[in-house]
Participant: 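Below is a structure I'd like to ask you about.
Start at 1 and go down the list; that is how both ligands and their atoms are numbered. Just so you know, residue 1 is the first one in the sequence shown, and it goes up from there.
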Amino acid sequence: MKIDLHTHSYYSDGVLSPTELVQRAVLNNVDILALTDHDTLMGIDEAILAAESHPIRIIPGIEVSCLWREQTIHMIGLNIDPNYEPLREKLEGVLRDRQHRAEQIAKKLIKFGIPGVEEGLARQVKGVPGRLHFARYLASKGYSSTPGKAFKQYMARGKPGYLKSEWMSLAEATRLIRDAGGLPIIAHPRRYDLTLKKTTTMLEEFKAEGGEGIEVATTNQNKSDQIMMSRLANQLDLAMSIGSDFHEPCAYNELGKASFLIPMEGKFIADRL
Ligand code: AMP
Ligand code: MN
Ligand code: MN
Ligand code: MN
């Protein structure tokens, strides 16, 4: 079974439509695909529709931006009810906040001497605006050679396009996903600016709030990261998840290609879907 439980469409900062995403997943022989756009459910109906004539199962999902002690954490919610009204209402507010943040970031970059930012963003954004849209625009105009480099040079903390964000708390995100019938999972646990000790504390609190899993297999986690995170999962009685965090066709990330790099013992989120 090929499983990918963390992917993006152009309704957040991916580049494919949900239909194109599903088609690509089918070509890659993915059996179970979760669409988990940042802070939005906009693509889910389309993904389910696109999968109707294919041998693939779509899991309605989301990647919620939240805060734990000043640190931004990304929380995957799987098998959420996309019609759960309190979640939809909350996400409307997050969309407005993100739109406001994007306007402020555009102003900062314009002030920094970069023209055309607002138009560059408007051309790309179909749903939720994010920093990667700015990075892609900057790269397209030659300010950096790749969006990844533009992100580091302009959009990372302390850089000219950075703005502190006020996301909901980790506790609130966990509760919201649970209340929507979903499984809360901490995305890419090795990507945060947290020591292993702080990561453990964060995961303990997450578990106490009703957290269910952590991503062990994801594109940027190597074998030793996976070993470390699987140990932590077992220690805290959390299930292990797998997801590529696919945003766009590129050399280093592909739909369905995240995998456990060693045989894993323990609980798997995929068994609970
Ligand atoms: P935002 O939610 O708007 O703050 O943007 C966060 C998103 O930016 C993440 O979901 C990634 O897709 C992207 N991102 C974060 N760090 C990098 C990086 N170093 N290079 C490219 N994209 C990044
Ligand atoms: Mn992203
Ligand atoms: Mn993320
Ligand atoms: Mn993601």
Side-chain angles (χ1 to χ4, degrees), residues 4-16 18 21 33-43 59 61-67 70-78 91 94-106 108-109 117 121 124-140 143-168 173 177 184-193 214-215 217-221 241-255 257-258:
D4 195 334
L5 303 177
H6 182 166
T7 70
H8 297 277
S9 78
Y10 66 19
Y11 286 111
S12 63
D13 58 3
V15 304
L16 302 184
L21 187 80
L33 174 77
L35 174 60
T36 57
D37 271 318
H38 297 284
D39 303 314
T40 187
L41 305 165
M42 283 179 215
I59 305 289
I62 192 164
E63 183 174 13
V64 176
S65 312
C66 60
L67 277 176
E70 306 270 292
Q71 169 69 53
T72 298
I73 302 285
H74 285 176
M75 191 183 296
I76 299 291
L78 295 181
L91 295 176
V94 177
L95 175 59
R96 283 193 295 274
D97 291 349
R98 273 187 172 271
Q99 285 165 339
H100 179 69
R101 172 191 186 228
E103 284 164 24
Q104 302 300 112
I105 290 176
K108 286 185 73 161
L109 289 171
V117 180
L121 201 73
Q124 296 176 58
V125 175
K126 302 221 165 32
V128 170
R131 282 183 289 162
L132 190 49
H133 295 112
F134 288 99
R136 288 200 187 105
Y137 172 72
L138 290 162
S140 77
Y143 290 97
S144 301
S145 55
T146 65
K149 285 190 180 145
F151 198 101
K152 288 200 183 87
Q153 276 178 274
Y154 293 91
M155 307 310 299
R157 191 157 26 145
K159 302 297 178 185
Y162 181 77
L163 201 66
K164 196 166 176 278
S165 305
E166 290 304 324
W167 310 117
M168 69 183 90
I177 290 169
I185 296 150
I186 298 294
H188 40 68
R190 291 294 285 155
R191 214 187 289 169
Y192 307 118
D193 192 12
I214 64 173
E215 272 179 0
T218 183
T219 300
N220 65 331
Q221 288 182 183
S241 192
I242 179 165
S244 64
D245 200 5
F246 177 83
H247 283 71
E248 61 197 295
C250 65
Y252 58 88
N253 191 353
E254 185 49 77
L255 266 177
K257 294 287 160 71

Participant: Are any non-hydrogen side-chain atoms of P129 and L95 less than 4.5 angstrom apart?
Facilitator: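 Yes, side chains in contact.
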Participant: For ligand 1, which atoms, with element, lie under 4.0 Å from some heavy atom of G130?
Facilitator: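 Answer, ordered by atom number: 3 (O).
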Participant: Distance under 4.0 Å to a non-hydrogen atom of H247: what atoms of ligand 1 satisfy this?
Facilitator: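 Close to H247: 12 (O).
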Participant: Between N253 and H247, is any side-chain donor less than 3.5 angstrom from a side-chain acceptor?
Facilitator: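 Not at all, the side chains of N253 and H247 share no donor-acceptor pair under 3.5 Å.
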Participant: Got an N/O contact under 3.5 Å between R131 and ligand 1?
Facilitator: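 It does: an N or O of R131 is found under 3.5 Å from an N or O of ligand 1.
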Participant: Considering only NZ, NE, NH1 and NH2 on the basic side and carboxylate oxygens on the acidic side, decide whether R191 and E215 come within less than 4.0 Å.
Facilitator: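 Between E215 and R191 there is no salt bridge, as every charged N stays at least 4.0 Å from the carboxylate O atoms.
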Participant: Carefully, step by step, assess N220 and H188 under the rule side chain to side chain donor-acceptor pair (under 3.5 Å).
Facilitator: CA-CA 8 Å; N220 65 331; H188 40 68; over 6 Å; no
Participant: Quick check: do H8 and E63 have side-chain heavy atoms less than 4.5 Å from each other?
Facilitator: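 In contact.
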Participant: Which ligand 1 atoms does G148 reach within 4.0 Å, using its non-hydrogen atoms?
Facilitator: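 Checking each atom against G148, I get 20 (N), 21 (C).
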Participant: Check side-chain hydrogen bond (donor to acceptor under 3.5 Å, both in side chains) between D4 and all other residues, then give those that pass, not counting sequence neighbours.
Facilitator: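 Counting only residues at least two positions away or on another chain, D4 forms a side-chain hydrogen bond (donor to acceptor under 3.5 Å, both in side chains) with S244.
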Participant: If you measure only the distance, is there a donor-acceptor pair under 3.5 Å linking the side chains of D245 and T218?
Facilitator: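 Judged by distance alone, the side chains do not pair up.
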Participant: Is the closest side-chain heavy-atom distance between I76 and L5 below 4.5 Å?
Facilitator: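 When only atoms from C-beta onward are counted, L5 and I76 do not touch, as no gap falls below 4.5 Å.
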Participant: Taking only heavy atoms of R101 into account, list the atoms of ligand 1 that are under 4.0 Å away from them.
Facilitator: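 Answer for ligand 1: 1 (P), 3 (O), 4 (O).
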Participant: What protein N/O/S atoms are found closer than 2.8 Å to the Mn ion (ligand 2)?
Facilitator: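 Only D13 OD1, D13 OD2, H38 NE2, H247 NE2 fall inside 2.8 Å of the Mn ion (ligand 2).
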Participant: Hey, is the Mn ion (ligand 4) within less than 2.8 Å of some N/O/S atom on H6?
Facilitator: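 Yes, within the cut-off.
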Participant: Out of F134, W167, Y162, F151, indicate the one that has the non-hydrogen atom closest to atom 21 (C) of ligand 1.
Facilitator: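 The option holding the nearest heavy atom is F151.
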Participant: To the closest 0.5 Å, what do you measure between CD1 (I62) and OG1 (T40)?
Facilitator: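 The OG1 atom of T40 is 6.5 Å from CD1 of I62, to the nearest 0.5 Å.
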Participant: If I take atom OG1 from residue T146 and atom CG from residue L138, how far apart are they, to the nearest 0.5 angstrom?
Facilitator: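 Output value for this atom pair is 11.0 Å.
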Participant: Heavy atoms only: which of D13, L132, D39, D37 lies closest to atom 9 (C) of ligand 1?
Facilitator: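 Comparing heavy atoms across D13, L132, D39, D37, the nearest one to atom 9 (C) of ligand 1 lies in D13.
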Participant: Can you list the atoms of ligand 1 that are under 4.0 Å from a heavy atom of H74?
Facilitator: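 Near H74, meaning under 4.0 Å from one of its heavy atoms, ligand 1 has 10 (O).
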